[in-house]
Amino acid sequence: MQDEIDCSLLKSIWIVSREFNHIAEAGGVKNVVCSMAVNLQKIGVKTTVFIPLYKCTDLSAVRDFEKLDFSVDITVDGVVLNFVFCRCFLGDLEIIFVFFKIFSSKRAVYVYTDEDTKENPEFVKGIGHKDSFQMNSIFQQSILFYGYKSEICPSLIHCHDAATAMVPVFARNVFPFVRFFASTKFVVTIHNAGPGYLQSFSDITFAHRITNLPENVLKKGRSFYSDSSVEPFLLASYYSHLTTVSPWYAEELYDTSNQFCLLARDFSQSGIKIEGITNGIDYDSYDPKNRDVSLLETVFSPCDGDFEGKRQLKNKFFEKINSCHDRLLGLECCGNFSEIDENTICFVYQGRMVSQKGVEIFSDVADRMLGENRNVCFLVHGQGQEYIEKIQEELASKYMGRYVYIKGYDRTLARNCVASADFLVLPSIFEPCCLEDFIAQIYGTIPIAHAVGGLNKIVNGETGFTYSNNTSSNLYIAMLRASEILQSEPEKIKDIRILAAKTVKEKYSWASIIKNKFLPYYKKILLD
């Protein structure tokens with residue numbers, strides 16, 4: 001494999017992110033960043049990951065952790081701050097931590113936790129950190145200072161999402177970075193440009209205060225949608241190449257009628273090019289033939305048409321739910337499956353309890369189907385907005401015996417929930433890429449999804465089921481259709497499961513995505 005891949009132009013790459021799988025976990029970005037970095041390192045590209053060192057950082061998976069013997073000063077919000085770096089390795093992958101108290105005091109990557117609220121009522125659980133802009137600015141500048149102080153200059157720096165998007169802006173406008181990183185190319189990936197994800201500065205005065213960048217630079221980040229805000233993605237577009245996480249989402253980012261992309265008019269009218277490259281997945285990290293990595297209680301192989309272990313898993317996992325006595329692996333468990341049998345069709349939702357994910361639409365359909373007394377059950381696992389969590393608790397109480405809500409998050413539970421179900425429901429209002437459909441397909445669970453953004457990679461009737469116009473009625477029709485096919489045409493469902501699993505393994509592995517998509521893209525940038 002390595003002999004077939006030309007990495008001669010890409011001597012070294014830095015990957016910059018606020019989160020990383022198994023080390024600093026938050027949203028889906030963590031999986032992308034980890035898999036991309038590990039797979040680039042595997043094919044011989046010298047890869048270094050930069051992330052902050054939080055209070056919630058998990059160092060159990062790394063080795064050779066050490067504090068480096070130099071520090072740097074950065075002025076943020078008028079204050080001179082001194083911080084240091086730490087280094088460790090995940091396998092052969094080098095990780096550099098930015099160590100400073102603004103990060104080391106955080107119990108979660110982006111938001112306040114229950115413990116934070118107990119200590120200070122002003123810190124509301126689930127709300128973003130009040131000093132998030134200072135955190136971002138310190139982190140972004142620190143990476144460039146690391147290179148300058150250590151005299152290491154990579155071929156390319158790949159920044160992930162708005163919290164890191166200003167790295168190329170600093171590199172091209174601040175002494176001494178301008179000269180030192182003159183030959184370095186930059187890529188910024190937009191993982192989500194929806195409301196709440198943009199990291200927008202309220203105005204130029206605030207942006208200048210936090211970044212110390214001149215007004216003539218910051219003005220480039222002014223957006224059509226606001227008279228005052230300064231947008232990191234727009235600023236980044238002047239000094240880097242932009243990508244996003246699927247070609248479908250790239251198209252949506254130019255759609256000025258799309259209320260979930262506030263920057264669409266800027267992207268479309270300014271001619272900003274955004275390359276859409278679908279995220280991959282590490283199949284081997286989920287392989288249901290290997291319990292050590294799958295975290296499942298049984299073994300099976302959808303790619304080979306072997307589903308006996310999946311049937312056994314459903315029975316075993318549901319029995320565990322019924323005997324959990326309101327707690328499952330330390331998480332609150334509402335409801336049970338006392339009124340179902342082996343022929344009951346199970347729909348699962350696993351993920352964040354937020355409006356973007358369309359959980360209210362899912363809940364409406366669940367209420368309707370259960371009210372019609374159909375032979376179905378619903379399994380829900382996740383946490384998020386309290387009012388959505390409350391809806392799940394009410395449904396679990398209303399349909400005791402056929403509706404289960406496991407509140408919170410646990411990786412092992414999440415995987416067993418998805419793998420034990422027949423269908424995974426993904427009614428997202430907008431969805432840049434999504435990995436949950438991949439995970440479900442690896443486990444022989446068929447996705448039923450709103451055809452939006454990255455969920456368009458599901459081929460309707462072949463690797464799952466999709467529907468348009470995201471209403472409860474349309475989702476109901478799609479779920480009813482899927483359940484009827486399962487009952488009347490089980491061989492067709494089996495074929496869908498097999499093809500879906502094979503497609504993920506062969507087409508969407510990270511090794512394939514890097515070889516066929518990212519390396520050619522990087523090469524084009526480096527030759528530009």
Side-chain angles (χ1 to χ4, degrees), residues 310-311 314-315 317-318 321-322 333-355 357-382 387-407 417-429 431 436-437 440 443-452 455 458 460-461 464-490 492-493 496-497:
K310 182 176 175 69
R311 185 191 67 80
K314 183 177 182 179
N315 293 333
F317 188 60
F318 288 5
I321 288 174
N322 286 338
C333 185
C334 308
N336 59 55
F337 283 144
S338 59
E339 296 182 8
I340 70 171
D341 57 38
E342 61 181 19
N343 296 316
T344 302
I345 298 170
C346 182
F347 296 97
V348 65
Y349 173 84
Q350 197 293 121
R352 290 184 294 133
M353 295 288 164
V354 294
S355 294
K357 298 297 184 179
V359 190
E360 297 103 317
I361 296 170
F362 168 84
S363 302
D364 286 345
V365 176
D367 195 11
R368 178 176 176 180
M369 295 185 82
L370 291 169
E372 292 170 349
N373 206 29
R374 298 184 181 276
N375 190 23
V376 296
C377 65
F378 290 83
L379 175 58
V380 180
H381 175 42
Y387 81 93
I388 298 179
E389 294 177 346
K390 184 68 174 175
I391 292 172
Q392 305 313 307
E393 293 168 1
E394 290 171 353
L395 286 170
S397 176
K398 182 177 180 180
Y399 296 107
M400 183 65 67
R402 293 192 293 160
Y403 199 105
V404 170
Y405 171 44
I406 306 170
K407 184 178 179 179
C417 285
V418 171
S420 62
D422 298 297
F423 300 102
L424 172 71
V425 185
L426 297 164
S428 299
I429 297 172
E431 192 65 67
E436 290 298 330
D437 55 332
Y443 292 154
T445 301
I446 299 174
I448 302 172
H450 176 213
V452 66
L455 292 172
I458 300 167
N460 188 34
F465 298 99
T466 61
Y467 66 97
S468 300
N469 191 4
N470 201 16
T471 65
S472 298
S473 296
N474 289 337
L475 176 58
Y476 173 82
I477 292 169
M479 290 170 65
L480 198 60
R481 174 188 172 219
S483 60
E484 288 173 349
I485 293 174
L486 177 59
Q487 291 173 319
S488 63
E489 301 179 68
K492 181 175 181 179
I493 290 295
I496 291 173
R497 286 172 167 165

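Between F337 and F318, the ring planes lie tilted relative to each other; the angle falls in the 30° to 60° range. Using cut-offs of 30° and 60° on the angle between ring planes, the pair F362 and Y403 is tilted.
Separation of atoms CD1 (I448) and CG (D437) is listed at 13.0 Å; rounding is to 0.5 Å. Separating the CG atom in L370 from the CG atom in N375 is a distance of 10.5 Å, to the nearest 0.5 Å. The CG atom of D367 sits 3.5 Å away from atom NZ of K398, with the distance rounded to the nearest 0.5 Å. From S428, atom OG reaches atom CD1 of I361 across 9.0 Å, with rounding to the nearest 0.5 Å. Residue R402 holds its CZ atom at 10.5 Å from OG of S338, rounded to the nearest 0.5 Å. Taken to the nearest 0.5 Å, the OG1 atom of T466 stands 11.5 Å off from the CG atom of L426.
Side-chain N or O atoms of S397 include none that pairs as donor or acceptor with a backbone N or O of E394 at under 3.5 Å. Within the 3.5 Å criterion, the main-chain N or O of A421 finds a donor-acceptor partner in the side chain of K310. Without hydrogens or angle criteria, Y443 side chain to I446 main chain gives no donor-acceptor distance under 3.5 Å. The backbone N or O of F378 sits nowhere less than 3.5 Å from a side-chain atom of Y405 that would complete a donor-acceptor pair. Looking only at distances, a side-chain donor or acceptor of H381 sits under 3.5 Å from a matching main-chain atom of I406.
In this structure the side chain of H450 never reaches within 4.5 angstrom of the side chain of N474, judged on heavy atoms. When side chains are defined from C-beta on, E339 does not count as touching T344, because their heavy atoms never get closer than 4.5 Å. By the 4.5 Å heavy-atom criterion applied to side chains, F347 and I345 are counted as neighbours. When side chains are defined from C-beta on, Y387 counts as touching E360, because their heavy atoms get closer than 4.5 Å. Between F423 and V348 there is no side-chain heavy-atom pair separated by less than 4.5 Å. The shortest side-chain heavy-atom distance between E393 and K407 falls under the 4.5 Å cut-off. Between I321 and L379, some side-chain heavy-atom pair lies under the 4.5 Å cut-off.
Both tests pass for R368 against the ring of Y476: distance under 6.0 Å to the centre and angle within 45° of the axis.
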### Query
Checking side chain to side chain contact (heavy atoms under 4.5 Å, CB included) for the pair V359/Q392: CA distance, chi angles, key distance, verdict?
CA-CA 9 Å; V359 190; Q392 305 313 307; 3.6 Å; yes

### Task
Check the pair E431 / K357 against side chain to side chain contact (heavy atoms under 4.5 Å, CB included), numbers first and verdict last.
CA-CA 8 Å; E431 192 65 67; K357 298 297 184 179; 2.9 Å; yes

### Task
Take L455 and E436 through the side chain to side chain contact (heavy atoms under 4.5 Å, CB included) test and state the conclusion after the steps.
CA-CA 10 Å; L455 292 172; E436 290 298 330; over 6 Å; no

### side chain to side chain contact (heavy atoms under 4.5 Å, CB included) evaluation trace for I388 with S355
CA-CA 8 Å; I388 298 179; S355 294; 4.3 Å; yes

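Taking each heavy atom of D364 and S472 in turn, the nearest pair found is OD2-OG, 3.3 Å. Contact between G464 and I496 at its shortest, heavy atoms only, is N-CG2, 3.8 Å. What you find for R352 and Y349 is that their closest heavy atoms are O-OH, 2.6 Å. Nearest heavy-atom pair, I458 versus A449, reported as atom, atom and distance to 0.1 Å: CD1-CB, 3.7 Å. Considering all non-hydrogen atoms of both residues, L395 and S363 come closest at CD1-CB, 3.8 Å.
Just one residue in the list D422, T445, I340 forms a side chain to side chain contact (heavy atoms under 4.5 Å, CB included) with C346, and that residue is D422.
Counted within 6.0 Å of CD on E342, heavy atoms from surrounding residues, nucleotides or ligands total 12 or fewer; the atom is thus considered open.
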